[in-house]
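Notes follow the structure.
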Amino acid sequence: MPWLHPLCPSGEPYGQTRAHLGATLLFAAVAIAACSDAVVPGPDPSSVGVMRDEAIFSEDLDGSWVPDGVGDGASDAVGATAVTAARASGDGVVLPNAYAYQMGNFNNRFPHAMHNMRYQQVFPAFELGALRSISALCLRRDERATGAAQTQRLTISMGPSLKDRTTLGPVFDANYSAPPTAVFSGDVTLPASSGRGTVEDFYICIDFDRWYRHSEGTNVIVEIVNSSSTSLGHFSDACSRTPTALQCTTRRAYAMSATAATATSVFNSGLIMKFIGRSGTTSVRTNETVPFEGVFGGCTEPIAFTGSIHLMTTQTTSASGNMHFSTHAQPQGVSGVGLFTGAKYQATGVTRNGDHIGMSGAFNSSYVNNFRLIGQGPDNNLLIHENFHVTFNANGELTAIHENFKFDCK
């Protein structure tokens, strides 16, 4: 009988043992699995194209206009708290970085609240820091501009670029240095907002269907296509590069058509965004010694064992969001006594298990068990070898299974 994992009840059959361990690891994977980033209308001197109706205020804060009856402070606060708490466990980067602790000098509704639009915005590589995989993006509530509740149909792609705030051009596809990744497609609910935003108030967060793995050293483009048929005013925090706001390091290009190949306007301004994701590969390892006792069937008689098991577990999450769990179990000083003859036995061997969970939903598990029960006398050594592997694709379909079992008494 093969070695039992210490997580399993004493005497539990091997098949149940493996299932129990796999379930434990899968549960861990699920349990483990995680926005703060105002107003100058018109282009800056380096921009081209015709500015559309985006900003609703002038630079004079006293002259800002806020429509009545849009949102309320209480509901705004509840929504912001819920969004922030939901993503508190993830790494986050505010872009442009300078606006992590201050509000922007601009606001706009492009592209999240402007129907029939194709929009690109570029951010410099150095501002991403160590962030390598992105699972969501968030927008910040403006401190003065309001937002009407609505639902918009958005498609989001992200990709690397050699373009920056000085060179992002009007030809959308030409702005990428490699094909972009489609990360989201679906309806996005924009909550009613009465303004009053703060640097912590990332009130709209969009969780991606597929994580984006960014190429180190390249700038990043966020492309949003709004294919909705209608839209209402909903202004979020943004920045515009001016002589007094050189920290606005972003640039945008857009067209009033969801299918456009070329932008009608390009400006040194854009939304303040927060990317949620992971900074790189992380690994957590635990070591423990677990007391062990149990009765096992040997070659000629049942044997009562006592001792301990050294258990090492490792959990690794890659920069792209893939997760790997492994266990290594080995007996330490485990000895036994035959219940019929009183003969002495020694247990040796090692059991290894590895589970891999991909961001696509694919899953595979491998198990190797080498168990040796060494006893006194001839034909009294139990030798067991087993290896097992199973693979499921991203649709949950079984694509491969292999099991080999060998049992010898020598």
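All residue numbers in this chain count up from 1 along the given sequence.
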> Can you find a side-chain donor-acceptor pair between Thr198 and Asp201 that sits under 3.5 Å?
Replying inline: no
> Hey, are Gln120 and Asn175 close enough side-chain-wise for a donor-acceptor pair under 3.5 Å?
Replying inline: yes
> Any idea how His234 and His112 line up, ring-wise: parallel (<30°), tilted (30 to 60°), or perpendicular (>60°)?
Replying inline: perpendicular
> Looking at Tyr119 versus Phe110, is the centre-to-centre ring distance below 6.0 Å?
Replying inline: no
>> With rounding to the nearest 0.5 angstrom, report the CG to OG1 distance, Asn97 to Thr249.
In response: 7.0 Å
> Can you tell me how far CZ of Arg165 sits from CZ of Arg252, rounded to the nearest 0.5 angstrom?
Replying inline: 15.0 Å
> Under the ring pair (Phe, Tyr, Trp, His ring centres under 6.0 Å) criterion, do Phe208 and Phe184 qualify, and how do the steps go?
Replying inline: CA-CA 5 Å; Phe208 292 165; Phe184 175 83; 7.4 Å; no
> With no hydrogens and no angle check, is any side-chain donor or acceptor of Thr242 less than 3.5 Å from a backbone partner on Thr244?
Replying inline: yes
> In this structure, which one of Val183, Asp207, Ile204, Val222 forms a side-chain contact (heavy atoms from CB on, under 4.5 Å) with Leu137?
Replying inline: Val222
> Side chain of Ser308, backbone of Gln332: donor and acceptor closer than 3.5 Å?
Replying inline: yes
>> Would you say Ser228 and Arg153 are linked by a side-chain donor-acceptor pair, where the criterion is simply a distance under 3.5 Å?
In response: no
> Residues in side-chain hydrogen bond (donor to acceptor under 3.5 Å, both in side chains) with Ser366, at least two apart?
Replying inline: His389
>> Hydrogens and angles aside, do Glu386 and Asn369 bring a side-chain donor and acceptor to less than 3.5 Å of each other?
In response: no
>> With ring pair (Phe, Tyr, Trp, His ring centres under 6.0 Å) as the rule and sequence neighbours excluded, what pairs involving residues 122-169 come up?
In response: Phe123-Phe275
>> Side chains of Ser193 and Arg141 only: does a donor on one sit below 3.5 Å from an acceptor on the other?
In response: yes
>> Pair His115, Ser229 - check side chain to side chain contact (heavy atoms under 4.5 Å, CB included), show working.
In response: CA-CA 6 Å; His115 66 283; Ser229 57; 5.8 Å; no
>> Assess the residue pair Tyr367 and His385 against the criterion (ring pair (Phe, Tyr, Trp, His ring centres under 6.0 Å)); give the C-alpha distance rounded to whole Å, side-chain angles, the decisive distance to 0.1 Å, and a yes or no.
In response: CA-CA 11 Å; Tyr367 178 93; His385 170 77; over 10 Å; no
>> What I'd like to find out is whether the side chain of Leu271 reaches to under 4.5 Å of the side chain of Pro111, using heavy atoms alone.
In response: yes
> Between Asp237 (side chain) and Ile272 (backbone), is there a donor-acceptor pair under 3.5 Å?
Replying inline: no
>> Tell me every residue that passes side-chain contact (heavy atoms from CB on, under 4.5 Å) with Glu216, counting only those two or more places apart in sequence or in another chain.
In response: Arg132
